[in-house]
Amino acid sequence: MGAFRWFLFIVSIWLMCGSAHAERRIALVMGNSAYKNVGKLSNPANDAALVGGMFKKAGFDWVDIRTDLKASEMRKALRDFGGRARDAEVAVIYYAGHGIELDGTNYLIPTDAALETDSDVLDEAVGLDRALFAVEPAKQLRLIILDACRDNPFAKTMKRTVAARAIGRGLAKVEPTSPNTMIAFAAKAGSTASDGDSKDSPFALALVERLPTPGLDLRKAFGFVRDDVLKNTSYQQEPYVYGSLGGDDVALVAAKPAPAGLQASPQDAVRKDYELALQLGTRDGWTAFLSQYSEGFYSNLAKGQLNKIAAEEARTTATEKARQAEDEKARLIADRAKKTEQDKAAAAAKAAEDARLAAEKAKQVEEAKAAAAEQRRKEIEAAVAKALADRQVAEKKGGSDADQKVAALPSPAPSPEPAQSPQELAKSVQSELRRVGCLADADSGEWSAKSQRSLTLFNKYAGTKLNTALASSDALDAIKARPSRVCPLVCDHGFRADGDTCVKIACRAGYRVNDDNECEKVQDKKPVATREDTKKRDDERKKVEAAPAKPQATGQMYCSSAGCRPVRPGCRLVPYQRFKHGTNSTGEAQEECN
């Protein structure tokens with residue numbers, strides 16, 4: 001037994017030491033500025049130092065800051081980082097420098113890349129997939145931050161081996177396949193980022209301001225980063241996040257314990273219970289919530305959700321009754337029942353159909369009310385979170401704003417005010433769709449198939465996943481958030497898009513616009529016979545044919561005692577015959593003329 005106890009003791013010590021040395025949160029920070037074959041970038045090395053320092057201050061267990069890496073050095077750094085990520089809960093990679101998109105795949109460009117042809121990208125650049133592979137072993141959070149959405153400096157000199165190969169502007173949209181993985185771009189897919197006027201980029205400055213906020217969920221943190229960058233770039237650059245996390249809050253820095261004597265806000269528990277009931281979305285779930293919380297902000301929201309469920313149940317019941325009434329009407333017609341019975345069944349079917357339409361309209365109204373209330377809740381919670389984050393930032397800076405009051409959720413309030421009617425909501429959504437260039441028609445208030453196609457176009461170019469079947473407040477808010485055109489401008493042949501207008505294409509002398517809306521040289525035309533030339537030639541031919549034939553030489557010779565000569569035109573030789581004038585032949589061929 002003594003030996004067994006010693007064994008347990010040694011194993012316990014080994015486990016304790018192992019857990020003590022395990023790297024829970026690790027980060028790899030890379031910044032490439034000194035490019036050899038293109039112009040130098042001033043910010044990435046500074047950004048790497050700034051962001052790396054932020055991770056160290058945030059208490060990360062291991063932070064590796066690398067600058068101006070060659071291709072072999074980048075691959076080795078990612079390989080080593082992937083090995084460390086096996087023991088980590090959180091793994092973060094930050095990269096600042098040049099990036100390129102080739103045929104929908106994103107690449108990070110080392111400082112020694114030449115990229116003389118598009119095929120060189122595969123050998124000389126490092127694929128984003130390699131970075132995803134490095135963070136994949138982390139157990140809780142995998143995060144990649146790319147400040148690489150700059151203009152491609154190799155585009156002017158790079159030769160294409162395949163003419164149809166696509167080399168995009170900025171980076172391409174990417175959807176991670178591993179769970180709990182996020183990829184943050186400094187600018188949304190297909191657009192470029194700004195380096196700003198200072199030594200650090202606007203994106204890097206916003207990151208170090210928002211990410212280390214204790215207890216702040218990453219999704220909200222990147223939302224605040226987006227707001228800061230939009231504001232600081234005059235709404236020219238919009239950061240974007242791809243991937244998804246679970247329902248629990250995931251903070252890069254754990255929340256600080258509450259000071260002694262202070263308790264967590266009771267609203268936090270109510271909010272979590274409300275979100276659980278919202279995920280269930282059943283009558284029983286909301287009834288249980290209201291039995292525990294009968295009054296307050298979240299209780300009013302729950303009542304609105306119950307009204308929506310009741311409206312859906314009423315619509316289902318009315319739809320079934322309308323179907324039964326229609327079936328009964330059809331049966332009586334098939335059985336050739338009395339006209340009075342058929343008329344009675346027809347009236348019942350019409351009443352049931354009217355009830356169904358009314359229930360459908362009531363359901364849409366309740367859905368609109370619930371959606372508006374949910375949007376209001378999200379705005380309030382976001383305002384509270386932002387106020388808390390701003391206060392913590394102010395406390396960190398030691399500014400005078402540290403004592404500002406933090407917004408709180410409203411106290412028990414009346415039920416949400418009625419939302420817009422479905423027609424008004426549809427009209428508002430159509431108006432916003434037209435503003436961002438996705439709808440050409442006027443606002444009709446009728447959510448037609450054309451409106452659905454327009455919202456589908458918005459989803460395509462904005463990267464959203466809004467429900468196109470109906471006009472919703474979520475769609476309205478998402479479209480309103482876009483400050484400029486989203487859908488591309490389509491111009492007629494001979495015109496090109498210039499901002500929000502179509503401008504006529506002007507070609508220099510000797511060139512014309514071809515079918516591809518490009519200027520091409522006009523080819524010299526070969527002479528072609530015209531209809532007038534053909535008519536003139538035919539008239540001349542007819543005149544020649546109509547003129548009397550000229551006398552032709554016969555080719556005969558007339559010989560006499562005086563000698564031989566050709567037979568005169570219009571004459572012929574007549575041998576041994578009587579001539580027309582009645583004289584007799586002398587026995588020799590004579591010349592006779594007409």
First locate atom [atom1] of [X], then atom [atom2] of [Y], and finally report the distance between them rounded to the nearest 0.5 Å.
X: L141; Y: L252; atom1: CG; atom2: CG; answer: 7.0 Å
X: T282; Y: I309; atom1: OG1; atom2: CD1; answer: 6.5 Å
X: R210; Y: F222; atom1: CZ; atom2: CZ; answer: 13.0 Å
X: K369; Y: L301; atom1: NZ; atom2: CG; answer: 14.0 Å
X: L108; Y: H98; atom1: CG; atom2: NE2; answer: 12.5 Å
X: S244; Y: E175; atom1: OG; atom2: CD; answer: 8.5 Å

What closest approach, in Å, do [X] and [Y] show between heavy atoms, and which atom pair accounts for it?
X: D228; Y: A206; answer: CB-CB, 4.0 Å
X: T181; Y: S178; answer: OG1-O, 3.1 Å
X: A469; Y: N467; answer: N-OD1, 3.1 Å
X: S472; Y: V429; answer: O-CG2, 3.9 Å
X: F458; Y: C487; answer: N-SG, 4.0 Å
X: G285; Y: A277; answer: O-CB, 4.1 Å

What I'd like to find out is whether the side chain of [X] reaches to under 4.5 Å of the side chain of [Y], using heavy atoms alone.
X: E366; Y: N307; answer: yes
X: L290; Y: K303; answer: yes
X: L211; Y: L218; answer: yes
X: E238; Y: R226; answer: yes
X: D47; Y: D147; answer: yes
X: F185; Y: I145; answer: no
X: I109; Y: I100; answer: yes
X: V250; Y: D217; answer: yes

Whether [X] side chain and [Y] backbone form a donor-acceptor pair below 3.5 Å:
X: S431; Y: S428; result: no
X: N514; Y: E518; result: yes
X: S299; Y: E295; result: yes
X: R25; Y: A58; result: yes
X: R356; Y: T317; result: no

Taking only Lys NZ, Arg NE, NH1 and NH2, and the carboxylate oxygens of Asp or Glu, determine whether [X] and [Y] approach each other closer than 4.0 Å.
X: E374; Y: R377; answer: yes
X: D227; Y: K231; answer: no
X: R315; Y: E360; answer: yes
X: E326; Y: R323; answer: no

Ring geometry between W286 and Y274 (parallel below 30°, tilted from 30 to 60°, perpendicular above 60°):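 Tilted.
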Worked verdict on K427 versus E446 for salt bridge (Lys or Arg N to Asp or Glu O under 4.0 Å): CA-CA 7 Å; K427 196 169 183 180; E446 230 16 80; over 6 Å; no
Criterion side-chain contact (heavy atoms from CB on, under 4.5 Å) on T213 and V253, from CA distance to verdict: CA-CA 7 Å; T213 304; V253 179; over 6 Å; no
Derivation and outcome, salt bridge (Lys or Arg N to Asp or Glu O under 4.0 Å), residues R331 and D327: CA-CA 6 Å; R331 185 189 67 79; D327 290 346; over 6 Å; no
Sole residue of D477, L455, T456 in side chain to side chain contact (heavy atoms under 4.5 Å, CB included) with L466: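 Considering D477, L455, T456, a side chain to side chain contact (heavy atoms under 4.5 Å, CB included) with L466 is found only for L455.
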Side chain to side chain contact (heavy atoms under 4.5 Å, CB included) partner of L128, the single match among I93, I144, T105: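 By the side chain to side chain contact (heavy atoms under 4.5 Å, CB included) criterion, L128 pairs with just one of I93, I144, T105: I144.
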Residue list, side-chain contact (heavy atoms from CB on, under 4.5 Å) with [X], at least two apart or on another chain:
X: A345; value: K329, L332
X: N180; value: R142, L245
X: T316; value: E312

side-chain contact (heavy atoms from CB on, under 4.5 Å) between Y94 and L207, worked out: CA-CA 11 Å; Y94 171 84; L207 288 175; 3.9 Å; yes
Would you say the side chains of [X] and [Y] form a donor-acceptor pair under 3.5 Å?
X: Y293; Y: D273; answer: yes
X: E328; Y: Q324; answer: no
X: Q452; Y: T468; answer: no

Criterion side-chain contact (heavy atoms from CB on, under 4.5 Å) on M182 and Y242, from CA distance to verdict: CA-CA 6 Å; M182 293 181 69; Y242 300 93; over 6 Å; no
Heavy-atom neighbours of K460 NZ exceed 12 at 6.0 Å: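 No, NZ of K460 has 12 or fewer neighbouring heavy atoms, counting only those of other groups under 6.0 Å.
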Stepwise side-chain contact (heavy atoms from CB on, under 4.5 Å) test for L306 and R283: CA-CA 6 Å; L306 265 181; R283 175 179 286 276; 4.1 Å; yes
